[in-house]
Amino acid sequence: MGEGTSSPILGILLACVAASIFLAALGIWLKRKGKLTSSKAALAWAVFTIVPLFGAGFAMMTKHSVEIANGETQSGVNEPPPTR
């Protein structure tokens, strides 16, 4: 990719997605072992599995809001002008 495309928030996003995938796989394993026997426990585990995705969205929106407040990001501008 090009210059200026590194995004530290992308690491947080990928970690949260990996955590959700891990929790989903763990839930499947627990179900097969008979640990998630009730439907309430399975539903609670399903909700717990998607919580990291909401955390990723919150982190991205917070970073974006801070950048707008600091003037780093402007409405309608996709890239900063090239520097010479």
Side-chain angles (χ1 to χ4, degrees):
M1 311 250 282
E3 205 176 294
T5 57
S6 69
S7 177
I9 197 70
L10 187 60
I12 295 171
L13 175 68
L14 291 175
C16 289
V17 169
S20 279
I21 291 171
F22 173 75
L23 289 171
L26 184 61
I28 292 169
W29 181 77
L30 288 172
K31 182 71 173 171
R32 287 186 180 169
K33 292 291 182 180
K35 304 290 183 187
L36 291 175
T37 55
S38 73
S39 60
K40 287 183 182 179
L43 179 62
W45 190 265
V47 170
F48 182 64
T49 299
I50 63 170
V51 166
L53 299 178
F54 286 100
F58 178 75
M60 288 174 37
M61 191 61 204
T62 302
K63 181 180 183 301
H64 182 64
S65 297
V66 168
E67 287 177 348
I68 288 174
N70 290 338
E72 298 171 25
T73 303
Q74 297 175 355
S75 179
V77 178
N78 292 332
E79 294 182 14
T83 57
R84 293 183 181 205

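Fair warning: this is a prediction, and the values are worked out from it, not measured in the lab. All values below were derived from every heavy atom in this structure, side-chain atoms included, with hydrogens, water molecules and symmetry-related copies excluded.
- By the criterion of side-chain heavy atoms lying less than 4.5 angstrom apart, applied directly or through intervening Ile, Leu, Val, Met, Phe, Trp or Tyr residues, I12 is grouped together with L10 in one hydrophobic cluster.
- Residues forming a side chain to side chain donor-acceptor pair (under 3.5 Å) with K63 (at least two apart in sequence, or on another chain): E67.
- Without hydrogens or angle criteria, S20 side chain to T49 main chain gives a donor-acceptor distance under 3.5 Å.
- Listed here is the closest heavy atom pair of L53 and C16: CD2-O, 4.3 Å.
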Tabulate below the donor-acceptor pairs under 3.5 Å that side-chain atoms of residues 31-48 make, not counting sequence neighbours, or state none.
from: K31; atom 1: NZ; to: L36; atom 2: O; distance (Å): 3.2
from: S38; atom 1: OG; to: A41; atom 2: N; distance (Å): 3.1
from: W45; atom 1: NE1; to: L23; atom 2: O; distance (Å): 2.9

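- The hydrophobic cluster containing V66, built from Ile/Leu/Val/Met/Phe/Trp/Tyr side-chain heavy atoms closer than 4.5 Å, comprises no other residue.
- Contacts of F22 classified as ring-ring contact (aromatic ring centres under 6.0 Å, His included), with partners at least two apart in sequence or in another chain: none.
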